[in-house]
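Sequence lines set the chain letters: A, B, ... in the order given, protein chains first and strands last, and positions in each chain run from 1.
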Number of protein chains: 2
Amino acid sequence: MKPEFTLKSVEVSLTPQRRFEEYLQSRGMRNTQQRRYLLDAIYASHDHFDADMLIDQLPSKGEKGYVSRPTIYRSLIEFVDAGLLRRFELDGRAVYEHDYGYPQHDHLHCTRCDTLFEFQSEELFAIRNQVAQDQNFRVSGHRLIISGICERCNRAPRRQRRKQDLI
Amino acid sequence: MKPEFTLKSVEVSLTPQRRFEEYLQSRGMRNTQQRRYLLDAIYASHDHFDADMLIDQLPSKGEKGYVSRPTIYRSLIEFVDAGLLRRFELDGRAVYEHDYGYPQHDHLHCTRCDTLFEFQSEELFAIRNQVAQDQNFRVSGHRLIISGICERCNRAPRRQRRKQDLI
DNA sequence: ATCATTGCAAAAGATTTGCAAGGTC
DNA sequence: GACCTTGCAAATCTTTTGCAATGAT
């Protein structure tokens, strides 16, 4: 799924899979089938997703490629730690998106169709840094979510959530 | 508890309690003891709080002023709906703050002592509105949280979380 | 062979709900 | 008295954990 509009790209030297292998090696962790299945599923598209969407995307119990729920939760934590995914909270659940090789950005959240739209703003970073400096605060990151109704839902007031989000 | 630094104030014509009474009347809802106990507790300070902090602040079961957990959760939803409280998510739990008579603002979150610091920025609103306009997005609100380490924790690297947040 | 990892089952934490009893208008 | 609310208990939902079996190095 393509992003909703163009973002500046970022230089990347390794594939996410390769980078994760290095992360594993550096920590004495193991490159298991489950971790590979999960990375493949995650990088099969560019959508935002939560644990349940990832589970639905994977084969069912008994089939090849199945990964149990606890392992999925454990792996998501590892992927975030490895810098492959960013995590944030939306309506009380954890949502993930690609991080490695993907630029920092913020979101517009349509509360009607539940779609997340991305945007980048230099000015936002400038404000963030200025505010932090004023309070002698050492910034590690930020999260901005603008809520409202997207253009599509504005045009079609009674439309259901978008097909792509029902996966 | 005073805010961490000065915010522009907002004109208010009614006390929160009065405003909530009007809200109740307009909906055929009832002004119960529990709702009054909760509002009194909430307006006894100006801190950010979650459901558990509110429960801890109230009398225990059997004592006068006790309110059960389900009622607290139900009431918090009503207070948000009535415009008395704003709600947001932090580390997976719901956090509330005063809304009525209190200006819109955003937060710096110290991940060491877990304190929330408030700030206001006109420029942030301008950016928000511009981004939304560019995407034909109808804004209903936004939430920005800047994460990092606050000045106090920076000066005292090993300090525990602030006393005021242990309540 | 060692020791990290998995899947299962169960636990945990936060929040929500059905419902009978009680309180407010 | 009508009917909104409450408190209890139990359910839900998401995520986490203990542990024995399995798998990677």
Side-chain angles (χ1 to χ4, degrees), chain A residues 17 20-41 48-82 85 87-96 114, chain B residues 17 20-41 48-82 85 87-96 114:
Chain A
Q17 285 82 353
F20 191 56
E21 284 172 34
E22 298 202 339
Y23 169 87
L24 293 175
Q25 290 195 351
S26 72
R27 308 224 174 182
M29 296 166 69
R30 292 172 185 179
N31 190 359
T32 63
Q33 287 204 349
Q34 286 86 341
R35 285 169 177 156
R36 288 192 298 270
Y37 290 146
L38 289 173
L39 276 191
D40 288 346
H48 302 88
F49 64 94
D50 60 21
D52 271 317
M53 293 164 73
L54 188 51
I55 287 167
D56 291 345
Q57 191 182 336
L58 290 164
S60 305
K61 194 183 302 193
E63 300 174 40
K64 175 183 160 67
Y66 167 76
V67 181
S68 72
R69 192 175 277 276
T71 296
I72 288 176
Y73 279 104
R74 284 185 283 235
S75 300
L76 286 172
I77 293 168
E78 294 161 5
F79 297 153
V80 170
D81 196 55
L85 295 180
R87 171 198 168 122
F88 56 101
E89 317 257 351
L90 197 60
D91 298 331
R93 73 193 198 285
V95 177
Y96 298 85
D114 210 34
Chain B
Q17 285 82 352
F20 191 56
E21 284 172 34
E22 298 203 338
Y23 169 87
L24 293 174
Q25 291 194 352
S26 72
R27 308 222 173 184
M29 296 165 69
R30 290 170 187 181
N31 190 358
T32 62
Q33 288 204 348
Q34 285 86 341
R35 285 169 178 156
R36 287 192 298 269
Y37 289 146
L38 289 173
L39 275 191
D40 287 347
H48 302 89
F49 65 93
D50 60 22
D52 271 318
M53 293 165 73
L54 188 51
I55 287 168
D56 291 345
Q57 191 180 337
L58 290 164
S60 305
K61 194 182 304 193
E63 299 173 41
K64 175 181 160 69
Y66 168 76
V67 181
S68 72
R69 191 174 277 276
T71 295
I72 288 176
Y73 279 104
R74 283 185 283 235
S75 300
L76 286 172
I77 293 169
E78 294 161 4
F79 297 154
V80 170
D81 196 54
L85 295 180
R87 171 198 169 121
F88 56 102
E89 317 258 351
L90 199 59
D91 298 331
R93 72 194 200 284
V95 177
Y96 298 85
D114 209 34

Exercise. Which ones in residues 63-72 of chain A lie close to DNA chain D, meaning a heavy atom under 4.0 Å from one of its atoms?
Worked result: A/Arg69, A/Pro70
Seminar exercise, completed: Residue set satisfying side chain to side chain donor-acceptor pair (under 3.5 Å) with A/Ser75, at least two apart, ordered chain then number -> none
Problem set entry | First-last contacting nucleotides on DNA chain C - partner chain A, under 4.0 angstrom, heavy atom | C/dC3 to C/dA9
Problem set entry | Minimal non-hydrogen separation, B/Gly65 against B/Pro59, with atom names | O-CD, 3.6 Å
Exercise. Atom CG of B/Leu54 and atom CD1 of B/Ile72: how far apart are they, to the nearest 0.5 Å?
Worked result: 5.0 Å
Exercise. Please give, in whole Å, the distance from D/dG7 C1' to B/Leu58 CG?
Worked result: 15 Å
Problem set entry | Residues that A/Phe20 engages under ring pair (Phe, Tyr, Trp, His ring centres under 6.0 Å), provided they are two or more places apart | A/Tyr23, A/Phe79
Problem set entry | side chain to side chain donor-acceptor pair (under 3.5 Å) involving B/Arg30 - partner list, sequence neighbours excluded | none
Seminar exercise, completed: Here the distance between atom P of D/dC13 and atom CD of A/Glu89, to the nearest Å, is 18 Å
Exercise. Does OP1 or OP2 of D/dT16 have a side-chain N or O of A/Tyr73 closer than 4.0 Å?
Worked result: no
Problem set entry | Intermediate values then yes/no, side chain to side chain contact (heavy atoms under 4.5 Å, CB included), A/Thr71 and A/Thr32 | CA-CA 11 Å; A/Thr71 296; A/Thr32 63; over 6 Å; no
Problem set entry | salt bridge (Lys or Arg N to Asp or Glu O under 4.0 Å) partners of residues 69-81 of chain B, not counting sequence neighbours, each pair once | B/Arg27-B/Asp81, B/Arg35-B/Glu78, B/Asp52-B/Arg69
Exercise. A/Gln33 versus A/Arg36: any side-chain heavy-atom pair under 4.5 Å?
Worked result: yes
For this session: Looking at every strand, decide which applies to B/Gly28 at a 4.0 Å heavy-atom threshold: base, sugar-phosphate, or nothing.
Result: sugar-phosphate
Exercise. Can you tell me how far C1' of D/dC13 sits from CE of A/Met53, to the nearest Å?
Worked result: 17 Å
Problem set entry | Listed partners of B/Tyr66 passing ring pair (Phe, Tyr, Trp, His ring centres under 6.0 Å), at least two apart | none
Exercise. So what does A/Asp52 hit on the nucleic acid, given a heavy-atom distance under 4.0 Å: a base, only sugar-phosphate, or nothing?
Worked result: sugar-phosphate
For this session: Report the end-to-end axis angle of the helix from C/dA1-D/dT25 to C/dC25-D/dG1; each axis comes from five terminal pairs, and the value is rounded to 10°.
Result: 30°
For this session: Round to a whole Å and report the spacing from CD1 of B/Ile55 to C1' of D/dT6.
Result: 15 Å
For this session: Take nucleotides 19-25 of chain D nucleotide by nucleotide from the 5' end and write B, S or -, depending on whether a protein heavy atom sits under 4.0 Å from the base, only from the sugar-phosphate, or from neither.
Result: ----BBS
Exercise. Hey, is the main chain of A/Ala41 close enough, under 3.5 Å, to the side chain of A/Gln57 for a donor-acceptor pair?
Worked result: yes
Exercise. Considering residues at least two apart in sequence or located in another chain, which fulfil the salt bridge (Lys or Arg N to Asp or Glu O under 4.0 Å) criterion with A/Asp50?
Worked result: A/Arg93
Seminar exercise, completed: The ring pair (Phe, Tyr, Trp, His ring centres under 6.0 Å) partners of A/Tyr73 (sequence neighbours excluded) come to none
Problem set entry | side-chain contact (heavy atoms from CB on, under 4.5 Å) partners for B/Tyr96, two or more places apart | B/Phe49, B/Leu76, B/Val80, B/Leu85, B/Arg87, B/Ala94
